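Structure record follows, encoded as structure tokens.
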Amino acid sequence: MALLHKLASFSSLNSPFTRNPHYSPPRRHLVSFSASPFTEKHSRERYLRDRWVYDDRQTMSFTPPCDSGSAREEDIALQLPELKKLLEVLREKRESEGKCSGGECVPGNVFLVGTGPGDPELLTLKAVRVIKSADLLLYDRLVSNDVLDLVAPQAKLLYVGKTAGYHSRTQEEIHELLLSFAEAGATVVRLKGGDPLVFGRGGEEMDFLQQQGIQVKVIPGITAASGIAAELGIPLTHRGIANSVRFLTGHSRKGGSDPLFVSENAADSDSTLVVYMGLSTFPSLAQKLMLHGLSPQTPAAAIERGTTLQQRIVFAELKDLSEKIASAQLVSPTLIIIGKVVELSPFWPTSTIEEPCLMQT
């Protein structure tokens, strides 16, 4: 409930979409009340905002909002009436089932569900069962429409994704949404790309809800490192070549071109390094790795939209990979794998020195 009170002041704001004479709001067929761009799984606005295309027939350009903070608040204001309505419907349903008394409902469960690296066939059976049973699903940017199509017709979808420079909701608002609907007795599913506890902030959400007395269950997903590496035939560890693997976030918390931290231990020639969210910071990361002693000739790969139909791959030696990523114009999400095991991939070109390789599958 805290979020709905906190966002009440947003309702008086004018939406940037209503000021646009060419904008027509998306239509929902599954619910009787109006929807906003963030609750429409097939909305054009989602593609425009995120540059994430699951249908080969669709190509759209992306222009970030001029004032991301203001746009986010105004979009939330659009949702506020329907969120209130949904809470009322859920409470009425729980009361009819005898699960509410005196305005207080038996809290529902929250499931943190990993949807894997992109290919919907990599979902676990447990994830599919939980997705189909949910009352409300909050989903991230990297959750495909193929996964969302598994959602029951009577369930409600709410987009809470983040992309560079634009967050549809702050992490605190996501916490409050999960809490509000769980307190109303709903079965809430939080859908995340990959695994919810690997660079997905699932641990923060779990900790917050448990402190509020809400039961949280985690359904693991195949994280991008293992899913994408397997797709390319790259063994993350291999006897005699790589005796360990390390996952590193390339995302800078304060923005900018530098990764959060690179220690000398990351530049281990006997390990495999997998970099998440490191597209913008990779040039700096590569320089630091080489400065700490990693060979410039170390095999490396950058994989855009791994395991999906839009997958693109750049193979190159570490010293050349930044330039080749820029030349290929790879976009987020792109995973980077560095280490001698990359050369074991059947797709690794015979000579990366003469001609670095770009694959499109």
Side-chain angles (χ1 to χ4, degrees), residues 1-4 28-33 35 38-41 79-80 82-116 120 123-140 143-161 168-169 171 173-197 200-221:
M1 290 301 297
L3 178 68
L4 297 183
R28 288 279 295 199
H29 301 288
L30 302 181
V31 292
S32 59
F33 44 92
F38 289 103
T39 55
E40 177 53 69
K41 69 176 181 179
Q79 286 187 359
L80 193 58
E82 68 177 285
L83 291 180
K84 286 183 176 178
K85 176 65 175 177
L86 180 58
L87 280 172
E88 293 173 4
V89 170
L90 287 171
R91 287 197 192 92
E92 291 173 359
K93 178 182 177 183
R94 292 302 179 266
E95 288 174 356
S96 67
E97 296 170 345
K99 297 180 180 180
C100 292
S101 176
E104 296 294 328
C105 296
V106 177
N109 291 329
V110 174
F111 294 87
L112 303 182
V113 178
T115 63
L123 278 170
T124 66
L125 293 175
K126 182 177 285 189
V128 173
R129 176 174 58 80
V130 169
I131 288 170
K132 290 182 175 180
S133 67
D135 297 311
L136 173 74
L137 299 97
L138 286 73
Y139 67 99
D140 278 351
V143 177
S144 72
N145 283 332
D146 288 331
V147 173
L148 297 180
D149 284 339
L150 298 172
V151 176
Q154 71 275 12
K156 184 67 174 174
L157 285 163
L158 185 61
Y159 175 69
V160 293
S168 65
R169 297 190 189 274
Q171 190 61 43
E173 287 162 351
I174 294 173
H175 289 173
E176 295 291 349
L177 280 167
L178 292 169
L179 176 61
S180 295
F181 285 98
E183 286 181 336
T187 298
V188 184
V189 168
R190 176 76 167 97
L191 292 176
K192 293 174 175 289
D195 184 273
L197 301 185
R201 303 189 75 167
E204 296 175 39
E205 295 169 4
M206 180 170 58
D207 181 58
F208 171 80
L209 291 167
Q210 288 176 340
Q211 289 186 32
Q212 309 302 318
I214 302 298
Q215 185 175 4
V216 180
K217 298 180 181 179
V218 179
I219 310 299

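Only this structure's heavy atoms are used, side chains among them; waters, hydrogens and symmetry mates stay out. As the structure is a prediction and not an experimental result, all values here were calculated from the model.
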Ala152 and Lys132 have their tightest heavy-atom pair at CB-O, 3.5 Å
TODO: Flag the pair Leu191 / Asp140 as yes when at least one side-chain heavy-atom distance between them is below 4.5 Å, and no otherwise.
DONE: no
With sequence neighbours left out, the residues meeting side-chain contact (heavy atoms from CB on, under 4.5 Å) with Ala186 are Leu90, Asp135, Phe181, Val188
Across all chains, not counting sequence neighbours, the side-chain contact (heavy atoms from CB on, under 4.5 Å) partners of Pro107 are Ile214
Shortest non-hydrogen pair, Pro120 vs Asp146, comes out as CG-CB, 3.6 Å
To the nearest 0.5 Å, atom OH of Tyr139 lies from atom CD1 of Ile131 at 13.0 Å
Are Leu179 and Glu183 close enough that some pair of their side-chain heavy atoms sits under 4.5 Å apart? yes
For residues 207-216, the side chain to side chain donor-acceptor pair (under 3.5 Å) pairs (sequence neighbours left out) are Asp207-Gln211
For Leu136 and Leu138 the tightest heavy-atom approach is CD2-CD1, 3.5 Å
Thr124 meets the side-chain contact (heavy atoms from CB on, under 4.5 Å) criterion, sequence neighbours left out, with Lys126, Ala127, Ile219
Side chain to side chain contact (heavy atoms under 4.5 Å, CB included) test vs Arg190 passes for just one of Val113, Leu177, Ile174, Leu137, namely Ile174
Rounded to the nearest 0.5 angstrom, the CG-CG distance for Leu209 and Leu112 is 7.5 Å
Output for pair (Arg129 CZ, Leu123 CG), nearest 0.5 Å, gives 13.5 Å
- Please tell me if the side chains of Glu205 and Val110 come closer than 4.5 Å, counting only heavy atoms from C-beta onward. no
To the nearest 0.5 Å, atom CE of Met206 lies from atom NE2 of His175 at 11.0 Å
Tightest non-hydrogen contact, residues Pro220 and Pro196, listed as CA-CD, 4.3 Å
